[in-house]
Protein chains: 2
Amino acid sequence: MAKVSKKELIIQHSRKLFSELGYELTCLESVAKECSITKPAIYYHFKDKATLYKAVVSPEFTALAKRIEESTQRGSAVERLRSYIHTFGEFLISNPDFSAIFAREIANGSRTIPDECIEQLSRSIKQLVNILYTGVQEGIFKEESAFLVQMMIVTPLISYHTTKPLREKIAKFAQNETITLDPQFRNITESLSEKIIKGLQC
Amino acid sequence: MAKVSKKELIIQHSRKLFSELGYELTCLESVAKECSITKPAIYYHFKDKATLYKAVVSPEFTALAKRIEESTQRGSAVERLRSYIHTFGEFLISNPDFSAIFAREIANGSRTIPDECIEQLSRSIKQLVNILYTGVQEGIFKEESAFLVQMMIVTPLISYHTTKPLREKIAKFAQNETITLDPQFRNITESLSEKIIKGLQC
DNA sequence: ATAGTTTTACTTACCGTTTAGTAAGGACAG
DNA sequence: CTGTCCTTACTAAACGGTAAGTAAAACTAT
């Protein structure tokens, strides 16, 4: 078990809380409690709440961009796009707090998102732009806005993680109908991938 | 110009603020200021902040469900699905505060969403379930979870409205690449519609 | 019609709580 | 004895919500 520094401990616990409650409703007192320290100890390690948030969020965006870059280097445009979507889906599974945080940033108009994160996002988008461009050159894909494709990939996957309670509530209201409530996330990723690729093809 | 009651005025102004800032960051003092009244006047009309929020949000969900139901009664499964998506897209354009509010609810795990709204959402989903089922019967669509399809429709459209500032920031980081930054929303809706329908077809 | 009464639709002034952030000091390692 | 890492005790401000009062409209009884 790798010994984790107190600073890292604060980041980990606050990540969980930021994800569950959002930035505003996460109070540093409760973060401190989770870490079994007092609130001013957080201020020893981080200048203020916003800085802590940045420290929580930035590495996730960086890790995501890195994984996506690594996994979309080789293969045909279709294979690379499939990898792009697959990698994103797997990332959300292995980083369970990320979906809610990212979803809130999207909902927010991203006023609070740190510049570094935006830089990391733009790394991913560049990759996607390149994949789509290659696909168009190869005569496989129709031309399409990379941002739209990005949204088509990112937002359904993220939302599938954040809306589990909502889907359950909706299912209760629609009891008579047959609603396939809760497929596995992995299946969702593959289903989505298949549909997006098919939708993009000429 | 239809004279609008003060209660309605409060709803309208707070809708704008809830949409821009979110529930937590919208303070009733500023709502009151916008309406040129004082904070306790709001409490005369609404029991508390949560009740006001409900009054802001509920009619939008109801209007959405109604429009979707009306526009997806007739035609083939493909036509009805196209209508479904189109109506949703148009609704977001004509109700500009709705996207951010809905996006936050999705990001939130919908802990705060009023039951009436969920009921209205389930009306839409029922419609979608029916469309997809018909399409499968007709041998046109592959079977797919209605929730996934709903997510594929709803979240990219909503996000396209809320992420305008984010897209601009990203575009700055990726200057070298050619990124089609800001197509019209109407085009986005049609592009998305086309891709989803194609993706669902056998 | 009008005097009296009640209701509507607010206002001013205030309370209590929450929470970000700070000041000052203490324990302990090297 | 000095820097690191934390604690206790606190401040200031923001914000949801309330108490109490008031001007004007609406209703009622004579």
Side-chain angles (χ1 to χ4, degrees), chain A residues 1-58 97 100-101 104-105 107-108 110-114, chain B residues 1-58 97 100-101 104-105 107-108 110-114:
Chain A
M1 191 122 60
K3 201 184 85 184
V4 65
S5 74
K6 194 135 287 182
K7 190 170 179 178
E8 188 55 36
L9 192 77
I10 295 169
I11 289 177
Q12 284 174 16
H13 280 112
S14 59
R15 175 145 50 218
K16 218 183 94 225
L17 287 167
F18 280 135
S19 169
E20 276 170 24
L21 305 171
Y23 183 83
E24 272 79 31
L25 289 182
T26 298
C27 74
L28 297 185
E29 200 77 54
S30 61
V31 172
K33 201 176 239 172
E34 286 287 309
C35 303
S36 308
I37 54 174
T38 59
K39 189 174 55 165
I42 297 174
Y43 282 88
Y44 175 77
H45 292 285
F46 302 94
K47 188 178 148 275
D48 54 21
K49 194 182 178 182
T51 306
L52 170 59
Y53 182 72
K54 212 167 164 173
V56 160
V57 157
S58 275
D97 298 326
I101 289 173
R104 283 200 185 84
E105 289 296 344
N108 255 333
S110 322
R111 281 185 310 274
T112 54
I113 205 170
Chain B
M1 191 123 63
K3 203 185 84 183
V4 64
S5 74
K6 194 136 287 182
K7 190 170 178 177
E8 188 55 36
L9 192 78
I10 294 170
I11 289 176
Q12 284 173 16
H13 280 112
S14 60
R15 176 145 50 216
K16 219 183 92 225
L17 286 167
F18 280 135
S19 169
E20 276 168 24
L21 305 171
Y23 184 81
E24 329 295 340
L25 289 183
T26 299
C27 75
L28 297 183
E29 200 77 55
S30 62
V31 172
K33 201 176 239 172
E34 286 287 309
C35 302
S36 307
I37 55 174
T38 58
K39 189 175 57 167
I42 297 175
Y43 282 88
Y44 175 77
H45 292 286
F46 302 94
K47 187 176 149 277
D48 53 22
K49 193 181 180 183
T51 306
L52 170 60
Y53 182 71
K54 212 166 162 174
V56 159
V57 156
S58 275
D97 298 326
I101 289 173
R104 284 200 184 84
E105 289 296 343
N108 254 333
S110 320
R111 280 185 309 275
T112 55
I113 205 171

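Everything quoted here is computed from the prediction, not taken from an experiment. Labels below follow one simple rule: chain letters A, B, ... track the order of the sequence lines, proteins then strands, and each chain is numbered from 1.
Between B:Glu20 atom CD and B:Ile101 atom CD1 the span is 10.5 Å, to the nearest 0.5 Å. Atom OG of A:Ser14 and atom CG of A:Leu21 lie 11.5 Å apart (nearest 0.5 Å).
Ring geometry for B:Tyr23 versus B:Phe18: interplanar angle under 30°, hence parallel rather than tilted (30 to 60°).
Cation-pi geometry between A:Lys7 and A:Tyr44 is not met at under 6.0 angstrom from the ring centre and within 45 degrees of the axis.
Look at CD1 on B:Ile10: it is 10 Å from C1' on C:dA9, rounded to the nearest Å. Per the geometry, OH belonging to B:Tyr53 stands 17 Å off C1' belonging to D:dG16, to the nearest Å. When the P atom of C:dG21 is taken as reference, atom NZ of A:Lys39 falls 9 Å away, rounded to whole Å. The NZ atom of A:Lys7 sits 15 Å away from the C1' atom of D:dC6 (whole-angstrom rounding).
The stretch residues 23-38 of chain A comes close to DNA chain C through A:Thr26, A:Cys27, A:Leu28, each having a heavy atom under 4.0 Å from the strand. Only B:Tyr44, B:His45, listed by number, bring a heavy atom of residues 42-51 of chain B to less than 4.0 angstrom from any atom of DNA chain C.
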Apply side chain to side chain contact (heavy atoms under 4.5 Å, CB included) to residues A:Gln12 and A:Lys16 and explain how you reach the verdict.
CA-CA 7 Å; A:Gln12 284 174 16; A:Lys16 218 183 94 225; over 6 Å; no

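A donor-acceptor pair under 3.5 Å is absent between the side-chain atoms of B:Arg15 and the main chain of B:Ala55, judged by distance alone.
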Side-chain polar contacts of residues 24-40 of chain B - donor-acceptor pairs under 3.5 angstrom, sequence neighbours left out - could you list them?
| from | atom 1 | to | atom 2 | distance (Å) |
| --- | --- | --- | --- | --- |
| B:Thr26 | OG1 | B:Leu17 | O | 3.1 |
| B:Thr26 | OG1 | B:Gly22 | O | 2.7 |
| B:Ser30 | OG | B:Cys27 | O | 2.8 |

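Looking at heavy-atom distances under 4.0 Å, B:Lys6 makes contact with sugar-phosphate atoms alone, never a base.
Residue-environment remark: NZ (A:Lys49) exceeds the threshold of 12 foreign heavy atoms within 6.0 Å.
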